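Below is one structure; the comments refer to it alone.
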2 protein chains.
Amino acid sequence: MSKCLVIPVLRELVRCYQAFERLSVSHIRETGLTAPQFDILVTLGNTDGMTFKELGQRTLITKGTLTGVVDRLEARGLARREASAKDGRSTVVRLTPEGESLFSRVFEPHLAFLAPAFETLPDAARTDLERHLRTLRGSFETRLAAFETPAEAA
Amino acid sequence: MSKCLVIPVLRELVRCYQAFERLSVSHIRETGLTAPQFDILVTLGNTDGMTFKELGQRTLITKGTLTGVVDRLEARGLARREASAKDGRSTVVRLTPEGESLFSRVFEPHLAFLAPAFETLPDAARTDLERHLRTLRGSFETRLAAFETPAEAA
DNA sequence: TATTGTTATACTCTATAACTATA
DNA sequence: TATAGTTATAGAGTATAACAATA
């Protein structure tokens, strides 16, 4: 339970993800989109659109940044803003037909590009890995919530 | 082996790491350093210094960016540049005593801050996780190398 | 000629906070 | 009052390519 047992997993998590991201980004770049732009495109693909708030929650991009990212997608004709019918304060972001088309052309191939790397793990290992990652994520989220809400226990 | 079996692990890897990074960065920010600056500080800690080239390889920060990051660390008195004795083209970056001191004050506590989240996994699970992540990283690196060296097979 | 690090450019992302318009 | 999104500002990272010094 000491740190000595924890550091190796921590290191591997970071190194593994860095390798994943390098691979993923090198492929995404061929679309001419940045990673955040791709993130938004993929989040909006096959949906009826989403408010800025929802987009922010799903992608971890803060609202100030999101305005700029959506601006750039809009400038490329890939997304557009629509007033929300439900809440006059809200704006819904939706892919244009061009955006949906790009999504289709790009998302499945991207998964297909990444998939073989995951297939080097046997099915059982993949299932275990998924489960452990989920557990770990839960712990991170719990710790973050506790960290951001300091000393409620006082 | 279809994509349907791969997507869940892929998703969990991304979501888990995002949660990790949020937690980690929220803690790092208290040092007044950015994530890349912290990355360099930690890489240089307890070493005799490193060239820009080595730093770039270890941290994935490209050389143009690295100049700026090191500039900022130098401006804070945390690092300094020294001419390499071995190669006149090289510059060695080394932590100053203030940099080493900050490293000591910050690195162990940061690990201690993150460790409890990993300790929610039983020892066996942690070992498995580490092994699978290592396998996966190997696959990513192999695929990346193949991707960046296109069509040698032609 | 190739490599190391710097410089320059232009863009993108980030954090923060003030602002508007709605609720 | 609180919330959704925008705007403004200042800083930081990114990609790219041209460049100087050295190998």
Side-chain angles (χ1 to χ4, degrees), chain A residues 18 21-22 24-41 43-44 49-76 78-94 144 148, chain B residues 18 21-22 24-41 43-44 49-76 78-94 144 148:
Chain A
Q18 282 184 338
E21 182 149 296
R22 266 209 276 195
S24 179
V25 167
S26 71
H27 191 237
I28 286 173
R29 203 173 299 153
E30 303 199 328
T31 66
L33 298 174
T34 65
Q37 289 167 13
F38 184 82
D39 203 0
I40 299 296
L41 184 82
T43 305
L44 290 176
M50 226 168 270
T51 65
F52 277 82
K53 185 182 179 184
E54 288 175 293
L55 276 176
Q57 287 165 343
R58 298 210 189 195
T59 61
L60 314 185
I61 302 176
T62 55
K63 63 180 180 176
T65 306
L66 208 43
T67 297
V69 175
V70 171
D71 283 349
R72 277 159 228 130
L73 289 175
E74 210 164 13
R76 287 174 187 239
L78 298 173
R80 67 161 164 269
R81 281 171 234 246
E82 296 174 3
S84 166
K86 296 180 193 157
D87 186 329
R89 297 168 301 182
S90 286
T91 305
V92 172
V93 187
R94 183 196 297 267
L144 181 63
E148 288 182 337
Chain B
Q18 282 183 338
E21 182 149 294
R22 267 209 276 193
S24 178
V25 167
S26 71
H27 192 238
I28 286 172
R29 203 174 299 152
E30 302 198 329
T31 66
L33 298 174
T34 64
Q37 287 166 15
F38 184 82
D39 202 359
I40 299 295
L41 184 82
T43 305
L44 290 176
M50 226 168 270
T51 64
F52 277 83
K53 183 180 179 185
E54 288 175 294
L55 277 176
Q57 287 165 344
R58 298 212 190 194
T59 61
L60 314 186
I61 303 175
T62 55
K63 64 179 181 175
T65 306
L66 207 44
T67 297
V69 175
V70 171
D71 283 348
R72 278 160 226 128
L73 289 174
E74 209 164 14
R76 288 174 186 238
L78 299 173
R80 68 162 163 268
R81 287 163 161 91
E82 297 173 3
S84 166
K86 296 180 194 156
D87 186 331
R89 297 169 300 182
S90 287
T91 304
V92 173
V93 187
R94 183 196 297 267
L144 182 63
E148 289 182 336

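Since the model is a prediction, treat every value here as computed from it, not as a measurement. Hydrogens, waters and symmetry mates play no part in the numbers below; they use all other heavy atoms, side chains included. Naming convention: chains lettered A, B, ... in sequence-line order (proteins, then strands); numbering from 1 in each chain.
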Along DNA chain D (nearest heavy atom to each residue), the more 5'-positioned of A:T65 and A:S90: A:S90
Rounded to whole Å, please give me the gap between CE in B:M50 and P in C:dT4. 16 Å
note: B:I28, atom CD1; D:dA12, atom P; distance rounded to Å ~ 15 Å
Side chains of A:L55 and A:L44 in contact at under 4.5 Å (non-hydrogen atoms): yes
Could you tell me if the side chain of B:I40 sits less than 4.5 Å from the side chain of B:L33, heavy atoms only? no
My understanding is that only residues two or more places apart in sequence, or in another chain, count here; which of them pass side-chain contact (heavy atoms from CB on, under 4.5 Å) with [X]?
X     : answer
B:Q18 : A:L60, B:V14
B:T91 : B:F52, B:R81
A:E82 : A:R80, A:R94

Minimum-distance nucleotide (side-chain atoms of [X] versus [options]):
X     : options               : value
B:I61 : D:dG5, D:dT14, C:dA15 : D:dT14
A:R29 : D:dA15, C:dT14, D:dG5 : D:dA15
A:K53 : D:dG5, C:dG5, D:dA15  : D:dG5

Just the atom pairs and distances: protein N or O near nucleotides 21-23 of chain C's N or O, under 3.5 Å.
{"residue": "C:dA23", "atom": "OP1", "partner": "A:G88", "partner atom": "N", "Å": "3.0"}

Can you tell me how far OG1 of B:T43 sits from CD of B:Q57, rounded to the nearest 0.5 angstrom? 12.0 Å
Inter-residue atom distance A:L41.CG - A:I28.CD1, 0.5 Å rounding: 10.0 Å
Name the nucleic acid region contacted by A:T62, choosing base, sugar-phosphate or nothing; use a 4.0 angstrom heavy-atom cut-off, strictly under. sugar-phosphate
Looking for any heavy atom pair under 4.0 Å, which part of the strands does A:T51 touch: base, sugar-phosphate only, or nothing? sugar-phosphate
Enumerate the residue pairs fulfilling side chain to side chain donor-acceptor pair (under 3.5 Å) with a member in residues 26-39 of chain B, sequence neighbours excluded, ordered by first and then second residue. B:H27-B:H110
Every protein N/O lying under 3.5 Å from an N/O of nucleotides 7-12 of chain C:
none

